[in-house]
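Not measured: the values here are computed from a predicted model.
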Amino acid sequence: MKIDTKTTAVVVTDPQNAFLAQDGSGYDLTKEVLREVNTIANMERVFKTAKENGYQVFISPHYYYPHDHKWDFVSVGEQMMHNLKMFNVDGPQKDVPRSSQADFYEAFKPYIEDGKTVVTSPHKIFGPESNDLVLQLRKRGISKILLAGMNSNICVDSHMRELVEQGFEVAVIHDATGAPGMDAYNAGKVNFGLLCSGSWTTDEAVRYMTSPS
């Protein structure tokens, strides 16, 4: 996979407090992997490298509005997120409360809130089928994706699969992802290695981004 700043973008799923901040209700699920893989520092390196080298950055966030809690049915994973109030905001016209579980992780805000990063409409379950990520990528001529974020085996995996199905060339930066336990993290890595064009470390991604082919 050869990358360049014109056709390649960084996409980050759910860089939010729910799983990343120590007071997030999902943090106990992810803290082992965050520590072992050095996820947060690696995600910040990806953001920093992208910005310094002119790569477009897209965020696919997870938000639940009040009407989303009135669905007739949900999956087990959705039920967990609803019960823990992980991504709750008051509504689509409302600002996300600062420092809430749905807010972006503080260390990432300088990269996300710089007026250049594209924050898509929220995905509601796991993949980008329900938001405008693909539209936003297509409208900017993007055909290649460097994917990172939370959680490896769920939203990152789901985004990877849909983007591949949509005809994008995708590489996942696997140690810039986290997951609810090492088994889940390693399951994600297996799929990344089989189903997309690359499963890279952050060191590899940074090297490729700073010296594109």
Side-chain angles (χ1 to χ4, degrees), residues 1 9-22 24-47 49-50 57-62 75-81 84 86-87 101-102 104-105 107-108 112 120 122-131 133 144-166 168-206 208-209:
M1 180 174 173
V10 171
V11 173
V12 181
T13 65
D14 304 344
Q16 293 163 272
N17 286 330
F19 284 121
L20 293 169
Q22 292 187 16
S25 61
Y27 181 76
D28 281 344
L29 300 172
T30 60
K31 63 183 181 182
E32 176 191 11
V33 174
L34 298 183
R35 180 179 62 251
E36 292 295 322
V37 180
N38 205 23
T39 301
I40 292 174
N42 288 335
M43 288 176 69
E44 186 162 10
R45 283 184 69 200
V46 171
F47 276 124
T49 303
V57 177
F58 295 74
I59 306 298
S60 180
H62 207 146
S75 68
V76 173
E78 292 172 81
Q79 190 65 64
M80 177 200 72
M81 292 186 286
L84 293 175
M86 298 183 85
F87 300 109
Q101 293 206 67
F104 295 128
Y105 187 67
F108 301 156
I112 298 173
T120 72
H123 61 271
K124 290 296 182 174
I125 304 181
F126 306 121
E129 294 88 344
S130 59
N131 74 359
L133 175 63
K144 302 176 184 182
I145 307 297
L146 306 182
L147 184 61
M150 304 294 287
N151 274 323
S152 311
N153 63 318
I154 306 173
C155 292
V156 177
D157 184 282
S158 295
H159 277 68
M160 178 266 294
R161 290 170 185 261
E162 177 63 13
L163 290 168
V164 168
E165 294 282 0
Q166 289 280 349
F168 293 92
E169 195 172 4
V170 180
V172 179
I173 308 172
H174 59 78
D175 62 358
T177 73
M182 289 304 299
D183 286 346
Y185 174 76
N186 288 325
K189 280 183 66 178
V190 169
N191 287 341
F192 304 153
L194 289 172
L195 301 179
C196 65
S197 297
S199 181
W200 298 347
T201 64
T202 298
D203 286 344
E204 289 173 322
V206 168
Y208 299 149
M209 292 167 75

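Here the CZ-CG distance, from F192 to D157, works out to 5.5 Å after rounding to the nearest 0.5 Å. For the atom pair CE of M209 and OG1 of T49, the computed distance is 5.5 Å after rounding to the nearest 0.5 Å. Note that CD1 of I173 and CG of N42 are 9.0 Å apart. Values are rounded to the nearest 0.5 Å. How far CD of E162 is from CZ of F168: 9.5 Å, rounded to the nearest 0.5 Å. Summarising the geometry, atom NE2 belonging to H159 is positioned 12.5 Å from atom CZ belonging to F58; distances are rounded to the nearest 0.5 Å. Put simply, CG on L133 and NE2 on H123 are 10.0 Å apart, with the number rounded to the nearest 0.5 Å.
For the pair L34 and M150, the minimum side-chain heavy-atom distance is below 4.5 Å. Residues P15 and F104 meet the side-chain proximity criterion, which asks for heavy atoms closer than 4.5 Å. K124 places none of its side-chain heavy atoms less than 4.5 Å from the side chain of E78. Between F87 and P122 the shortest side-chain heavy-atom distance does not fall below 4.5 Å. Side-chain contact between Q101 and L84: absent, with no pair of heavy atoms (C-beta onward) separated by less than 4.5 Å. You'll find the side chain of S130 stays beyond 4.5 Å of the side chain of I125, heavy atoms only. For the pair V46/L146, no side-chain contact is recorded, criterion being any heavy-atom separation below 4.5 Å from C-beta on. No side-chain heavy atom of V12 sits less than 4.5 Å from a side-chain heavy atom of F108.
M1 and V170 make their closest contact through SD-C, 3.9 Å (heavy atoms, listed as atom of the first residue, atom of the second, distance). Between S197 and E169, the shortest heavy-atom contact is OG-CG, 3.3 Å. Considering every non-hydrogen atom in both T177 and S152, the closest pair reads OG1-OG, 2.6 Å. Looking at every heavy atom in both residues, F19 comes nearest to G26 through CD2-O, 3.6 Å. Here the closest non-hydrogen pair linking D175 and Y185 is CA-OH, 3.5 Å. Heavy atoms only, all atoms of each residue included: V10 and A50 are closest at CG2-CB, 3.9 Å.
In the displayed structure, E36 atom CD is contacted under 6.0 Å by more than 12 heavy atoms of other residues, nucleotides or ligands. More than 12 heavy-atom neighbours from other residues, nucleotides or ligands sit within 6.0 angstrom of CG on N186.
The residue from D14, T13, N131 that alone fulfils the side-chain hydrogen bond (donor to acceptor under 3.5 Å, both in side chains) condition with S60 is N131.
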Would you sort out whether I145 and M160 count as a side-chain contact (heavy atoms from CB on, under 4.5 Å), showing the intermediate values? CA-CA 9 Å; I145 307 297; M160 178 266 294; over 6 Å; no

